[in-house]
Amino acid sequence: MGKVIVHGKVAARIVETEAYLGLKDRAAHTFRGVTQRTKVLFGPPGHAYVYLIYGMYECLNFSCEPEGSPGCVLIRALEPLAGIDEMRERRGHPKRDRDLTNGPGKLTMAMGITRAHNGLDVTHSELLVCEPVRHQRFEITTSTRIGIQHNTDWEMRFYISGNEFVSKG
DNA sequence: CAATAGATCATCT
DNA sequence: GATGATCTATTGC
């Protein structure tokens, strides 16, 4: 939370995430073990997992646990920092800037992230996760996760309290 | 503002 | 062959 994702001229701050607990979590893609799609999550931490959902949107995750342990974090919302015109272009010029990145499918579109970025090391590639240049103080609110059918009572959604770019849910 | 319908396809059974 | 970690447009207050 609060870190910055950079892709080309576009950068944005992470303001909303959800955790998925590998083998213990029925809602996680990795619950049933390794498959062609989820194998990157069984690899080392700090790698991007990008997949297609509902036939038309991409979602961005980062692997978080050591090799062999498939825990990951879904990025649900970002606060645009740089390259905002480019984001507006890719999103089809929405009325409000908050609609650029306030959802997992929207932010990948705004950032230009696709399945081509699946498996990249986000410390050494065209897709980077960095410390922010200016740290801002923030508080984190937790809630249940969104859009899933299992473990719906687990409070594993986290967002920056009061941030305008957090998704509706 | 809230509820609903429809788009659309890679992945897994 | 069914499904899903979503979004948009449209309808009805």
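Naming convention: chains lettered A, B, ... in sequence-line order (proteins, then strands); numbering from 1 in each chain.
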Tell me, which of [range] have any heavy atom that sits under 4.0 Å from an atom in DNA chain C?
{"range": "residues 99-112 of chain A", "result": "A:Gly103, A:Pro104, A:Gly105, A:Lys106"}
{"range": "residues 14-41 of chain A", "result": "A:Tyr20, A:Ala27, A:His29"}
{"range": "residues 44-58 of chain A", "result": "A:Tyr51, A:Ile53, A:Tyr54, A:Gly55, A:Tyr57"}

- Task: Apply side-chain hydrogen bond (donor to acceptor under 3.5 Å, both in side chains) to A:Glu155 and A:Thr142, showing your working.
- Result: CA-CA 6 Å; A:Glu155 296 219 338; A:Thr142 65; 3.1 Å; yes
- Query: Between the side chains of A:Thr141 and A:Ser161, does any donor sit under 3.5 Å from an acceptor?
  - Reply: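 A pair is found: one side chain offers a donor N or O, the other an acceptor, under 3.5 Å apart.
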- Are any of the side-chain nitrogens in A:Lys9 or A:Glu86 under 4.0 Å away from the carboxylate oxygens of its partner?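 Looking at A:Lys9 and A:Glu86, the cut-off is not met.
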- Query: Salt bridge check: are A:Lys106 and A:Asp99 linked by an N-O gap of less than 4.0 Å?
  - Reply: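 Yes, charged N to carboxylate O under 4.0 Å.
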- Output, in order, the C-alpha distance, side-chain angles, deciding distance and verdict of side-chain contact (heavy atoms from CB on, under 4.5 Å) for A:Tyr49 and A:Asn118. CA-CA 5 Å; A:Tyr49 167 55; A:Asn118 190 44; 3.7 Å; yes
- Return the set of residues passing side chain to side chain donor-acceptor pair (under 3.5 Å) with A:Lys39 (not counting sequence neighbours), or none when no residue passes.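 Per chain and number, A:Lys39 pairs via side chain to side chain donor-acceptor pair (under 3.5 Å) with A:Gln36.
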- Item | Co-membership, hydrophobic cluster, residues A:Val50 and A:Phe62, 4.5 Å side-chain |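 Looking at the clustering, A:Phe62 is in the same group as A:Val50.
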- Can A:Ile75 and A:Val73 be said to form a side-chain contact (heavy atoms from CB on, under 4.5 Å), step by step? CA-CA 6 Å; A:Ile75 307 304; A:Val73 168; 4.2 Å; yes
- Of all residues at least two apart in sequence or in a different chain, which pass the salt bridge (charged side-chain N to carboxylate O under 4.0 Å, His left out) check with A:Asp85?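 Listed in chain order: A:Arg88.
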- Query: In chain order, what residues pass the salt bridge (charged side-chain N to carboxylate O under 4.0 Å, His left out) check against A:Glu16, with sequence neighbours excluded?
  - Reply: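 Counting only residues at least two positions away or on another chain, A:Glu16 forms a salt bridge (charged side-chain N to carboxylate O under 4.0 Å, His left out) with A:Arg76, A:Arg157.
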- Linked hydrophobic residues, A:Leu74 as query - side chain contacts closer than 4.5 Å: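 Joined to A:Leu74, directly or through intermediates: A:Tyr20, A:Ile148.
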- Hydrophobic clusters join Ile, Leu, Val, Met, Phe, Trp and Tyr when side-chain heavy atoms are under 4.5 Å apart, directly or via other members; which others share one with A:Val6?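 Noted: A:Val6 shares its cluster with A:Val4, A:Leu81, A:Leu128.
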Between [X] and [Y] (side chain of the first, backbone of the second, donor and acceptor by atom type, cut-off under 3.5 Å), is there such a pair?
{"X": "A:Ser167", "Y": "A:Gly103", "answer": "no"}
{"X": "A:His124", "Y": "A:Asp121", "answer": "no"}
{"X": "A:Thr38", "Y": "A:Val34", "answer": "no"}

Report yes if the side chains of [X] and [Y] come closer than 4.5 Å at any heavy-atom pair, otherwise no.
{"X": "A:Leu23", "Y": "A:Pro70", "answer": "yes"}
{"X": "A:Arg37", "Y": "A:Tyr51", "answer": "yes"}
{"X": "A:Lys24", "Y": "A:Phe31", "answer": "no"}

- Query: Quick one: how far along DNA chain B does chain A reach, first to last nucleotide 5' to 3', anything under 4.0 Å to a heavy atom?
  - Reply: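 Span of nucleotides near chain A: B:dA7 to B:dT13.
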- Task: With a 4.0 angstrom cut-off to heavy atoms of chain A, pull out the first and last contacting nucleotide of DNA chain C, in 5'-to-3' order.
- Result: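 From 5' to 3', the first and last contacting nucleotides are C:dG4 to C:dT8.
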- Please walk me through it: do A:Met156 and A:Asp25 pass side-chain contact (heavy atoms from CB on, under 4.5 Å)? CA-CA 11 Å; A:Met156 294 205 295; A:Asp25 184 357; 4.0 Å; yes
- Query: If pairs are Watson-Crick or G-U with both distances under 3.5 Å, what is the dot-bracket string of DNA chain B, marking crossing pairs with [ ] and pairs to another strand with |?
  - Reply: |||||||.||||.
- Query: What are the residues of residues 138-160 of chain A, sorted by number, that bring a heavy atom to within less than 4.0 Å of DNA chain B?
  - Reply: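 Those residues whose heavy atoms fall under 4.0 Å from DNA chain B, taken from residues 138-160 of chain A, amount to none.
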- Task: Can you establish whether the number of heavy atoms outside A:His93 located under 6.0 Å from its atom NE2 is more than 12?
- Result: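 Result for NE2/A:His93: enclosed.
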